[in-house]
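One-based numbering, in listed order, for ligands and for the atoms of each. On a predicted model such as this, the values are computed, not experimentally measured, just so you know.
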Amino acid sequence: MFERPTSVDEASRLLAETPFAIVAGGTDFYPGLRDQWPAGPVMDISAIEGLRGITEEPEHWRIGALTTWTDLIEHPLPRAFDALKLSAREVGSVQIQNRATIAGNLCNASPAADGVPPLLILDARIELASGSGRRTIELGEFIQGNRRTARRADEIVTAILLPNGSTSGVSHFLKLGARKYLVISIAMVAARLNISAEGTVVDAAVSVGSCSEVALRLGALEEALVGKPVDDLASHVTAEHVSTLTPIDDVRASGQYRRDAAQELLRRSIVHCVSEVTNA
Ligand SMILES: Cc1cc2nc3c(=O)[nH]c(=O)nc-3n(C[C@H](O)[C@H](O)[C@H](O)COP(=O)(O)OP(=O)(O)OC[C@H]3O[C@@H](n4cnc5c(N)ncnc54)[C@H](O)[C@@H]3O)c2cc1C
């Protein structure tokens with residue numbers, strides 16, 4: 001069975017009756033089939049109206065579920081979104097960025113999904129719709145594990161919401177892979193800092209991906225940065241701060257290498273954020 005609804009209501013009605021597999025850009029969905037068409041029903045959501053684009057609303061920025069990485073790169077956004085834009089440029093190739101959606105990256109819930117760390121530092125919330133209405137849930141609760149999310153079978157993700165209180169400051173994203181492009185990360189980090197006119201950190205948000213089953217915010221490091229002068233800020237990133245990560249050993253890197261890499265990437269991203277403010 002194959003359906004291509006044109007509205008969220010129609011999609012919700014169909015999902016209430018049948019547990020369709022959802023496909024948006026298809027760049028995770030089709031490679032995941034590995035030459036086998038799925039046994040179950042498929043719903044292509046790419047024709048649903050109103051789900052593509054980025055808008056500023058009174059309480060948050062809204063990224064529609066069909067917004068592609070290229071849409072994001074091309075849309076003017078505050079500097080706090082720089083980390084997210086940098087991650088967009090790292091997703092596959094330009095062809096993938098033109099087709100693939102940000103929401104699809106989150107719903108696929110890979111530990112190496114490039115969109116997750118930069119959305120975590122923006123306190124992203126996920127909006128879901130079903131026949132019984134809409135609900136929102138924090139991104140950190142939405143992704144529950146490797147390929148596991150809190151989405152119910154009758155729900156469709158309609159948007160990613162970035163609350164106004166979390167879209168200030170400057171941000172940066174760094175991804176380490178075995179080569180520069182078209183690569184699954186060994187480790188990646190995102191950092192967002194609010195720095196006062198006097199040169200101290202007012203607010204900090206940092207996250208690490210590919211070093212645990214689900215990308216994580218590092219709360220202890222954030223606390224350690226707040227109130228500190230920006231001179232030599234990176235020296236506050238210690239091995240203890242990355243000790244909460246649980247990276248695996250695999251063909252790309254050992255767990256210890258990943259943890260060391262995360263620490264170094266965090267330092268570099270913090271140095272970059274500081275330079276963005278002090279050189280402005
Ligand atoms: C060559 C190649 C290179 C890649 N490189 C990278 C990379 O560097 N970094 C990276 O992070 N990813 C990479 N990817 C993975 C992929 O491109 C991204 O994860 C992309 O953002 C997925 O978006 P999509 O719209 O194509 O998702 P789809 O493939 O359409 O869907 C992915 C999953 O999300 C679900 N889904 C999608 N939209 C919704 C919705 N609105 N509501 C509910 N469920 C939904 C689908 O059911 C499916 O399970 C690469 C893929 C390829 C093929």
Please check whether Cys107 reaches ligand 1 - meaning an N/O of the residue sits under 3.5 Å from an N/O of the ligand, judged on distance alone. no
To which residues is Met1 joined in a hydrophobic cluster, defined by side-chain heavy-atom contacts under 4.5 Å among Ile, Leu, Val, Met, Phe, Trp and Tyr, whether direct or through other members? Val8, Leu14, Leu15, Phe20, Ile22, Met43, Ile45, Ile48, Leu51, Leu66, Ile156
Check if Tyr30 has a non-hydrogen atom at a distance under 4.0 Å from any atom of ligand 1. no
Ignoring angles and geometry beyond distance, decide whether Val157 reaches within less than 3.5 Å of ligand 1 through its nitrogen or oxygen atoms. yes
Would you call the rings of His75 and Trp61 parallel, tilted or perpendicular, taking 30° and 60° as the class edges? perpendicular
Check each of Val8, Ile22, Leu128 against atom 47 (O) of ligand 1 and report the one with the nearest heavy atom. Ile22
Shortest heavy-atom approach to atom 38 (N) of ligand 1 - which of Ala21, Gly209, Ala11, Ala24: Ala24
Check: of Thr27, Ile126, Leu106, min heavy-atom distance to atom 51 (C) of ligand 1 comes from Thr27
Would you mind finding which of Asp114, Asn105, Ile160 brings a heavy atom closest to atom 12 (N) of ligand 1? Asn105
Looking only at distance, does Phe29 have an N or O less than 3.5 Å from an N or O of ligand 1? yes
In Å and rounded to the nearest 0.5 Å, what is the CG to CG distance from Leu216 to Leu245? 6.5 Å
Nearest-option assignment for atom 37 (C) of ligand 1, heavy atoms, candidates Ser87, Gly26, Gly104: Gly104
Identify every side-chain donor-acceptor pair in residues 94-104 under 3.5 Å, counting partners at least two apart or on other chains, and give the distances.
unit_1	atom_1	unit_2	atom_2	d
Gln95	OE1	Ser93	OG	3.2
Gln97	NE2	Ala88	O	3.3
Gln97	NE2	Arg89	O	3.1
Gln97	NE2	Val91	O	3.1
Asn98	OD1	Thr70	OG1	2.7
Asn98	ND2	Val94	O	3.4
Arg99	NE	Gly25	O	3.1
Thr101	OG1	Gly104	N	2.9

Per-atom contacts, ligand 1 versus Gly92 - under 4.0 Å to a heavy atom: 3 (C), 4 (C), 5 (N), 6 (C), 7 (C), 8 (O)
One thing to verify: whether Arg62 and Glu56 come together as a salt bridge, which I'm taking to mean a side-chain N less than 4.0 angstrom from a carboxylate O. no
Any non-hydrogen protein atom less than 4.0 Å away from atom 8 (O) of ligand 1: yes
